[in-house]
Every structure is written in structure tokens, then in C-alpha cells.
4 protein chains.
Amino acid sequence: MTVQDVSTTKVDIDPRVERSRVQVLHATLELLGEVGYGDLTIEAVAARSGVAKSTIYRHWKGKLELVTDAFHEMKVAEPPPAPGPVAQRVTDLLMDIARNVIGTDWRVNCLPALIEASARCPEVADVSRDLAEAGMSRVKAVLDDGVAVGELPAELDTMLLADALTGPIFLRGLFHRRPVQPDEVPGLVALLLPSPPSSP
Amino acid sequence: MTVQDVSTTKVDIDPRVERSRVQVLHATLELLGEVGYGDLTIEAVAARSGVAKSTIYRHWKGKLELVTDAFHEMKVAEPPPAPGPVAQRVTDLLMDIARNVIGTDWRVNCLPALIEASARCPEVADVSRDLAEAGMSRVKAVLDDGVAVGELPAELDTMLLADALTGPIFLRGLFHRRPVQPDEVPGLVALLLPSPPSSP
Amino acid sequence: MTVQDVSTTKVDIDPRVERSRVQVLHATLELLGEVGYGDLTIEAVAARSGVAKSTIYRHWKGKLELVTDAFHEMKVAEPPPAPGPVAQRVTDLLMDIARNVIGTDWRVNCLPALIEASARCPEVADVSRDLAEAGMSRVKAVLDDGVAVGELPAELDTMLLADALTGPIFLRGLFHRRPVQPDEVPGLVALLLPSPPSSP
Amino acid sequence: MTVQDVSTTKVDIDPRVERSRVQVLHATLELLGEVGYGDLTIEAVAARSGVAKSTIYRHWKGKLELVTDAFHEMKVAEPPPAPGPVAQRVTDLLMDIARNVIGTDWRVNCLPALIEASARCPEVADVSRDLAEAGMSRVKAVLDDGVAVGELPAELDTMLLADALTGPIFLRGLFHRRPVQPDEVPGLVALLLPSPPSSP
DNA sequence: CTTTAAGCGAGACGGTACGTCAAGTCTTCGT
DNA sequence: ACGAAGACTTGACGTACCGTCTCGCTTAAAG
């Protein structure tokens, strides 16, 4: 450990390790898309990636950790904060979420497995919480923005409202199995978004 | 088919079959709650239920079919409709749900497993839908009642509102892993329940 | 049990029992020929014979007893005592045995299984002994005859000689797996059969 | 293939593989002696040997191949050739065999299983032949010796006589289930062993 | 000429073993 | 020294038969 290590942090990582890591995560993502989480096999990841099973186990504790890692690899780019009235921006955001829940986005395909795993294992629950809040924070940010510019009441519990807006979308998608259609989103927003404080 | 057939319909089901069926489904639900869908093994169901593996396979094609059948047994008894102002009745209902999500109610323990299984198999998804809607209908019924007695606006989409009220409770419990506490429920109701139409 | 029962012994056997018995033994023999003893299953016998498994178990204790019974069903007809010199008659008999051991006679095909089963179970050993001695007695009878007519020494241990004559045939067929060919039989007889007592 | 290959031939066999192999074959022979071929179970071999079932299947295709391999391990050490008159030496040898057949020598306990397996599979039959001939060759060697020193007729078919001498012992032990007692051996030898050529 | 008891088929039951597969660990070798 | 290769133990899979056991139905006999 020398001084410059501090600044370059990971400069001297064994290139083989990095190569394995990339190949394995790539294969994992491919397979997740093809067979889903439930049928994903470490054996198959090893075969597909050309990396030995033992190497995979050396770097990841198991399927869950591997998938979690792969998931992290695919952080969504935050969309730039758009201008316009809050109601419109919220609607856009929720329609985007609704479309993802309906579609075959592989990240969403992992949600049931994530929820299930969260119920059994606190570490996964932490991951789940992080992901959930990261997703939610986009909605909350817009709402906070609305409060800031006076389009929404000052005393609004924006966190709670964000959950109330997204809750039905996930609930219907995952549990009711009757997903909210994008064109139902405006009705949802209209129902839940408080009227702006009357400006005298 | 004669008239008396109606009354005897299933009279001649082999009692052994029924006995096995009950024991197996009971054990399945127990285990689903304990280890989840992913780690549920037929072997364990056999051991827990005292029914031989071969007997299980004689009646169910595999894990999925078994679990589907088991979930069907989950139906809850409807509580009697209570009197009082709508806001209060809704709040009571949601607090009850919130308490269940927090607690260790075995039906709730099975929810993650149910969601996970639903994602893999349309038949289970149908079961999930039935259960979800049965649960939701209690809330919707109260809201409909509120509309009927004029405590809520006539044009209210009660189904959507029911989802918006219960959504956050399940979402936070299952996904956010930061369950709604019963004492947060009144705030939720206050935030989402529309004011009664002003009575002139 | 009345007096005349004694004389009619089996007269009043339920015809259904006899019908089952015949069908089952017939199917057993068929299957023995097709798949051998090792792969014979009671399930298959039931299917082939159209007789229910439970009925089979009602009459026979298991596979071994069933096969033993079937075996008994096929008692060989004793060939008529032929005339001629003893050496010739012995040779004929042994050539017949040698041909059976070489061929695919199903009775011989069961011998390995019989020997194996005999080693594990005294009851089967008794069956084996009976069959072995029944087969051997044909040879011994001829030898005894030879002693009687003076073609063989009076003090001859005919039992032992019978075993010495048949022994190599079975031993080579079953253990050496290099069966005695029929044309080797005369040499065997010549080697082992004592010369007739010199007649002064 | 060069010279030093001979010495190193199998040097780099994974020691774990060899360890498994030895343990499994040993357990197999033990069990063959105890329960026979028909009731031999791979599951039991795994349990007895402490080697996992999957490892057994990795190395052997099934029961038959396993048993074949195990029988190969059965080779006996040749006893040194003893001096003395041929009749005496033959008698000693046969009494030894007779004692083994009566006793509980584990190799003999496997004979029924070996015969049974031989009947079902040519590869095992080859093993059986090898073992049979190895055993027989001890007797034949003495007889050949007798011919060489002039105690037995020059034209004697020693192989055939060896079979005739051992045949009854095995036949009575395995099939008749009335084993030749050691004290019957001299009679057998006296009956079958040709008189020495009269020395003028 | 009906009872009555047997023999019957159907097939569910608890089991054992099969042969396969993946999980996750551990050992050996080669670079 | 570390990664690749792959053998190892473990345990569940889903299948096939085992031998036992009700069940009603049919059928032969005995009253």
C-alpha cells in the first residue's frame, strides 16, 4: 500500500479479476433476460461466461448476490428534471413506471424474486429498500419541487404521497395482476394530487 | 343425472384422497410462509405432511400446481359491515391491514411467495388476482357505501381509490421494507380521502 | 371338510381362482422369456395378464414364488427309458442337457437367478435342490440301470458319478461361460465312465 | 510411449479418484456377498462406502459396470506348487475348494451374484470366465504335472478332467444345495482319476 | 332362487431406489 | 500465488415398482 494507491484506489486490480467480473455479469444479464431469475443457474452462468464455477463463488456469495451486483450494473440514468407544471411532470414519471411494469424490462422481472428474497433475508431487504427508495425519490423530488414553487400545499407529506401514487401501480402489477395502463395514470394523478393552494 | 345427485355430488370421493389433500395443502402453506416459494421442496412438504412423495405427485403435477391449489385455500371470512362515518371505517380497515402486514399472520407471510409464483405462472396469477380483489373489495365496499350516503363525491372512482389507499401499505411492507405503522394510517386517509361534497 | 372332499381334493376350486392363476402364470412365462428374471416386474405381469396386482399378491408371496410356480408348470415330460448300451444312453442324455444349457431355453435362463436366490433364502434353496435332483435323477437312473445289467461295476457310487458327469456341463455353462459343446460330450463320457467289469 | 512412460503411466491420476474407486469397489464386494446381485443397490454402496451416489455414477455407468469392476478385484494369490503324488495333491486342492464352498469365504459368497450377473451381461461373463479359469488352472497344473512325470496317461485331457473334478463340488454347493463334504473328496478323486499307466 | 361370502379390479397409500442435476466446497495443476 | 478445471458431498428432482390396504362390484355356492 503506497501513497498513490489512495488516490487511484483500484488501479492495481488483477486484470484477470476484472475480466472475469465483466464476463460473468454480462452472462448473468443475458441469462436473466432469457430464463428469468427463478431458472437462472450458476452452472449456466459459468458455462455461458467461460469462467469457472469456483471463480464465480470466489467473488459472489451466491445467486442472489450475483444478480444484485448485475442489477447495480444497470443503474438507470436519471432523466433530467423537466420543466412544466408539477401535475404534468408527475404524470409523465408515473406513466413511465407503468409502462415498465407492463413491459418485459428485466429489472422489473426480478422484482418478484427480490420481494420474495427480502422476506427471508435482511441483507436483501436492505437492497430492496435502497432500490425502492431510489425509484421513489424521483417522484418525491418532483413533488418537493412542486411544494417549493408553490404548486402544492406547503405542509404536504411528499413521501407519503409518492407512495400513494406509485403504490397502486406496483400493487396492481405484482399482486392484482391487472396492471395499471398508462392511460389510467392521469386519472390517478387527478384523484390524488391535492389542488394547489388557492392563490388570493 | 337425477335430482338427488345434486345433493350427493362428491359423496363418493375416496376419503383417503381427501385426507391426503388436506394434509398436503396445509403443510404447503406452512412451508410457503416459512421458506418461501423458491426454497419450497416437495420433499419437505412430504415430510411435514406425513404424506408420501409419490402420493403428492399422484395428485399434483409439480410444485407450481401444488402451490396454486394451496393458495386457493387461503380465502378469508368477510367481517360484518360496521356503521359510522366513512373516514373512520376506512381508517379502521386499513389499520387492520397494516397490523397484519407488520405481524406474522401466515396468510401475509405467503404473499411474497404468491407474488413470486404469480410472475412465473398464469394459473397462479389468476389465484393471486382473486385473492387481491377479494381483499380489496372490503375497502371498496366501504367507499361505495360512502358515495351512496353522500359522504363522498358521486363521481368517485372507488376502485382506484381503494388501490391508492392499500397500495402504500403493501408496497412499503413488501418492497420498501419499511412498513406503514398503524398510527400512520390516519394521515394516509386524511391525505387521500376526498372531502365530502359541500352540503349547501 | 367332508369325507368326499378328500377324494375330490380340488374339484370345487372356484373357477375364478383357476382362471386368474392360468392367466398370471402364462403372462409370467411370456415375460420371463422377453425380459428375463431380473427385469420381471409384478406390475408388468398384472398389466399383461389383465389380473389385478392385488390378486397376484393374494395368491403368491412375491416374484420368486410366482416364478417358481411358473417353473413347476413346465415340468419336462420324462423321456421314455431308451434301450441300448449304457454309455450311449448317458451320452444322449448329457448331449440333451448340453444343448439346453447352450440354447435359450427359458428354464435354463432362470438358473442363475435360482442359484442366486438359493444363496439368500432357504426356501428357495429347497426348490433348487428339488429341481437339481429331479434333473439329475434321469442320469442316475440310467447309471443304476447300467449297474443292474452289469455294464457298470456293482460298487459304483452312481449319484456321485452323475454329478461328475453333469457338473462340468453346468459349471462351464454358468461359471466358465464357455459351454460344453454337444460334440464334446462323448469325450466326457469316455473319460469318466468306468469300464464294464471284465466278464470272464 | 517411451520408456519412462511405463513407470509414470498413471502418476497423475487424481488421488481423490483413486480413493473413491477403492472405497466403492470394496463396499460393492462386501454387499454382493451379503445381499447378492439382485438386491445390490447403488444407494447402499454409496452409504457403505461413504462416497456420494453422484460420484459413483460419475465413474460407472450403472450397477452392472460397477459390479464388473468389483469382480476384477477378486483375483486370488497362487499357492506354491506342492510335492508328492498327484492323487494326493489333487485331493488336497479339492478339499480346499470344498471347504471354501462350504464356508463363508467372501469370494465364494459372491459366486452366485457373479453367475447371475454373467447371465445378463457379456462383460461380466468375461470376468467370470477369467476367474473360473484362474481357479481351475491350479487343478489343471497338478494334472499336467502328473502327466509329465508319468503318473497319469499321456493322452489325458487334463482340462476336461479338471472340470469333472471341480464341477460336482460347485454344482452341489450352488445348485443342489447339498455341498460336497471334504471327506467325500477322496472318493471323488478315486472315482475319476485314471489309474496310472501300468509300468512294466 | 335368493342370500352370502369369496374373489375380483381398481387404484390410493407409504415406501425405497432409481438416475439426473445443480449447489456449493475443496483439491490439484498450470501459468 | 492465483485462477481454471473439475472432483467432491449433499440433497432434491420426478419416475417406477414395491407390497399393503380399502373399496365396491360381480359371481358362484349354499341354504
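All figures in this text were calculated on a predicted structure; none of them were measured in a lab. In what follows, chains are A, B, ... by sequence order, proteins preceding strands, each numbered from 1.
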Within this structure, what is the [atom1]-to-[atom2] distance between [X] and [N], rounded to whole angstrom?
X: B/Lys63; N: F/dC13; atom1: NZ; atom2: C1'; answer: 11 Å
X: B/Glu18; N: F/dC23; atom1: CD; atom2: C1'; answer: 17 Å
X: A/Leu64; N: E/dA23; atom1: CG; atom2: P; answer: 13 Å
X: B/Arg19; N: F/dC23; atom1: CZ; atom2: P; answer: 12 Å

side-chain contact (heavy atoms from CB on, under 4.5 Å) involving A/Arg120 - partner list, sequence neighbours excluded
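So A/Arg120 forms a side-chain contact (heavy atoms from CB on, under 4.5 Å) with A/Glu116, B/Pro112, B/Ala113.
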How would you list, by chain and number, every residue that makes a side-chain contact (heavy atoms from CB on, under 4.5 Å) with C/His59, sequence neighbours excluded?
C/Val17, C/Thr55
Over all atoms of both residues, closest heavy-atom pair of [X] and [Y]:
X: A/Val24; Y: A/Ile56; value: CG2-CG1, 3.9 Å
X: D/Leu64; Y: D/Ala117; value: CD1-CB, 4.5 Å
X: B/Ser128; Y: B/Ser118; value: CB-OG, 3.2 Å
X: B/Leu32; Y: B/Tyr37; value: CD2-CA, 3.7 Å

Contact residues, residues 52-61 of chain C to DNA chain E [heavy atom, < 4.0 Å]:
C/Ala52, C/Ser54, C/Thr55, C/Arg58, C/His59
Please list all pairs meeting salt bridge (Lys or Arg N to Asp or Glu O under 4.0 Å) that have one or both residues in residues 32-41 of chain D, counting only residues at least two apart or in different chains.
D/Glu34-D/Arg48
Residue pairs fulfilling salt bridge (Lys or Arg N to Asp or Glu O under 4.0 Å) with at least one residue in residues 50-65 of chain C, sequence neighbours excluded
C/Glu43-C/Lys53
Going by number, which of residues 25-51 of chain D have a non-hydrogen atom under 4.0 Å from DNA chain F?
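D/Gly50, D/Val51, in order of number.
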Between B/Pro15 and D/Gln23, whichever has its closest DNA chain F nucleotide further toward 5' is D/Gln23
